[in-house]
Protein chains: 2
Amino acid sequence: MSLRREPPLRRLKGPALREYAPTFAALGDETRLHLVAAMCVGGTMSITQLTAGTAITRQAVTRHLQILADAGLVRDVKLGRERLWALEPTRLEQARHSLDMIAQQWDHALMRLKATLEQ
Amino acid sequence: MSLRREPPLRRLKGPALREYAPTFAALGDETRLHLVAAMCVGGTMSITQLTAGTAITRQAVTRHLQILADAGLVRDVKLGRERLWALEPTRLEQARHSLDMIAQQWDHALMRLKATLEQ
DNA sequence: CCAATATGCAACAAGGAGGTTGCATATGAA
DNA sequence: TTCATATGCAACCTCCTTGTTGCATATTGG
């Protein structure tokens with residue numbers, strides 16, 4: 001069995017695949033998915049508003065929002081004494097595209113395998 | 001400011017959005033993304049082969065593969081003394097679709113906002 | 001001005017995630 | 001058979017994540 005090194009999968013137009021780990025990790029939490037969904041439906045929302053839809057404290061929600069922001073998935077604006085949060089669909093789109101690339105690469109590999117077998 | 005409860009975002013055809021949390025969490029790790037990429041390029045690979053592309057032990061790779069399997073992202077077959085792993089693109093496609101739904105919902109919300117403002 | 005509201009910040013605890021080592025077991029090859 | 005290879009399993013350690021509580025600060029409204 002040949003332990004050949006696999007090439008680093010360089011067909012993504014944007015960042016390398018590994019760099020999406022923080023993005024997917026940010027989406028990999030029920031509470032944060034709920035927050036994303038809430039902003040999706042409710043548009044721009046304050047921390048207190050977002051907390052109302054959960055069973056955890058406002059401080060915990062703040063930290064979830066910060067994680068989403070670090071991943072580039074949401075954006076915040078201070079307005080008076082409030083801090084309003086909204087979705088940032090660009091990174092979401094990039095993540096979606098990265099999954100596309102994986103699936104495409106996989107299909108391509110399958111076709112190559114088929115061609116090899118038919119040879 | 002009205003603390004209205006947001007509705008639970010029920011426009012996904014498959015599982016509810018929250019149920020994708022384990023899937024995204026599985027993708028939210030550099031090592032596992034690397035494994036996915038390796039299988040993507042290399043097709044069906046054994047644990048030892050997959051370990052060769054990382055800096056961690058075989059046992060750690062095994063656990064990462066188990067996490068990916070629990071998320072439905074990979075599938076394994078025993079063959080002799082080897083255990084071969086391969087990508088399972090179906091769940092990947094579902095995850096991609098869920099991101100699509102979020103983006104679409106968001107765009108829809110933006111249009112509604114625009115319509116409200118122009119009223 | 002004063003009280004209520006909205007948020008920020010920090011310390012702390014519990015649990016899970018990710019990694020290692022050590023050893024047992026199964027299978028292939030010589 | 002006998003040795004090397006491929007994998008399974010479990011104990012253990014460390015650090016990060018997620019949540020809490022308590023208190024400080026800033027803004028708004030009456």
Side-chain angles (χ1 to χ4, degrees), chain A residues 1-4 6 18 20-36 38-39 42-71 73-86, chain B residues 1-6 18 20-39 42-71 73-86:
Chain A
M1 126 176 349
S2 66
L3 287 183
R4 73 189 178 303
E6 67 278 4
R18 346 182 70 162
Y20 283 99
T23 302
F24 288 128
L27 293 172
D29 178 278
E30 277 203 14
T31 301
R32 287 194 288 270
L33 276 185
H34 180 82
L35 291 174
V36 166
M39 284 180 272
T44 295
M45 301 177 78
S46 75
I47 297 177
T48 303
Q49 280 179 311
L50 287 166
T51 302
T54 72
I56 60 178
T57 60
R58 168 186 59 82
Q59 288 89 330
V61 170
T62 298
R63 282 170 52 177
H64 280 300
L65 289 170
Q66 193 55 55
I67 291 171
L68 287 170
D70 290 345
L73 290 166
V74 298
R75 193 168 44 91
D76 72 291
V77 180
K78 281 222 72 166
L79 186 65
R81 66 177 154 180
E82 289 184 320
R83 193 160 153 205
L84 300 176
W85 293 83
Chain B
M1 138 170 339
S2 66
L3 285 183
R4 73 190 181 302
R5 298 214 147 272
E6 67 278 2
R18 346 185 70 164
Y20 283 99
T23 302
F24 289 128
L27 292 172
D29 177 278
E30 277 204 14
T31 301
R32 287 193 290 270
L33 276 184
H34 181 82
L35 292 174
V36 166
M39 283 181 272
T44 296
M45 300 176 78
S46 75
I47 297 176
T48 303
Q49 279 179 311
L50 287 167
T51 302
T54 72
I56 60 179
T57 60
R58 168 185 60 82
Q59 288 89 331
V61 170
T62 297
R63 279 167 57 173
H64 281 299
L65 288 170
Q66 193 55 57
I67 291 170
L68 287 170
D70 289 345
L73 290 167
V74 298
R75 194 167 45 90
D76 73 290
V77 180
K78 282 221 71 165
L79 185 66
R81 65 178 156 180
E82 288 184 320
R83 193 161 153 204
L84 300 176
W85 293 83

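Chain naming here is simple, since letters A, B, ... match the order of the sequence lines and numbering starts at 1 in each.
Rounded to whole Å, atom P of D/dA6 lies 17 Å from atom CH2 of B/Trp85. Atoms CG (B/Leu50) and C1' (D/dT7) sit 13 Å apart, rounded to a whole Å. Rounded to a whole Å, the CD atom of B/Gln66 is 9 Å from the P atom of D/dG8. When rounded to the nearest whole Å, the span between CZ of A/Arg83 and P of C/dT5 equals 21 Å.
Closest non-hydrogen pair, B/Leu33 versus B/Leu27, comes out as CG-O, 3.2 Å. A/Leu65 and A/Ile47 make their closest contact through CD1-CG1, 4.1 Å (heavy atoms, listed as atom of the first residue, atom of the second, distance).
Looking at residues two or more places apart in sequence or on another chain, you find a side-chain hydrogen bond (donor to acceptor under 3.5 Å, both in side chains) between B/Asp76 and B/Arg83. Applying the side-chain hydrogen bond (donor to acceptor under 3.5 Å, both in side chains) test to B/Arg81 and every residue at least two apart in sequence or in another chain returns nothing. Listed by chain and residue number, B/Glu30, B/His34 satisfy the side chain to side chain contact (heavy atoms under 4.5 Å, CB included) test with A/Arg18 (two or more places apart in sequence, or in another chain).
Side-chain contact between A/Val36 and A/Leu73: absent, with no pair of heavy atoms (C-beta onward) separated by less than 4.5 Å.
Recorded end-axis angle for the helix from C/dC1-D/dG30 to C/dA30-D/dT1 stands at 30°, based on five pairs per end and rounded to 10 degrees.
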Give the C-alpha distance, both sets of side-chain angles, the deciding distance and a yes or no for side-chain contact (heavy atoms from CB on, under 4.5 Å) between B/Thr31 and B/Ile56.
-> CA-CA 9 Å; B/Thr31 301; B/Ile56 60 179; 3.8 Å; yes
Reading nucleotides 24-30 of chain D from the 5' end, what letters show protein touch, with B for base, S for backbone sugar-phosphate only, - for no heavy atom under 4.0 Å?
-> ---BS--
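Side-chain atoms of A/Arg32 never come within 3.5 Å of backbone atoms of B/Ala21 as a donor-acceptor pair (strictly under, hydrogens ignored).
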For nucleotides 15-18 of chain D, give me every protein contact, N/O to N/O, under 3.5 Å, one pair per line with atom names.
{"residue": "D/dT18", "atom": "OP1", "partner": "A/Asp29", "partner atom": "OD2", "Å": "3.3"}
{"residue": "D/dT18", "atom": "OP1", "partner": "A/Arg32", "partner atom": "NH2", "Å": "3.2"}
{"residue": "D/dT18", "atom": "OP2", "partner": "A/Arg32", "partner atom": "NH1", "Å": "3.2"}

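In this structure, A/Thr48 reaches the C/dT7 phosphate: one of its side-chain N or O atoms is under 4.0 Å from OP1 or OP2.
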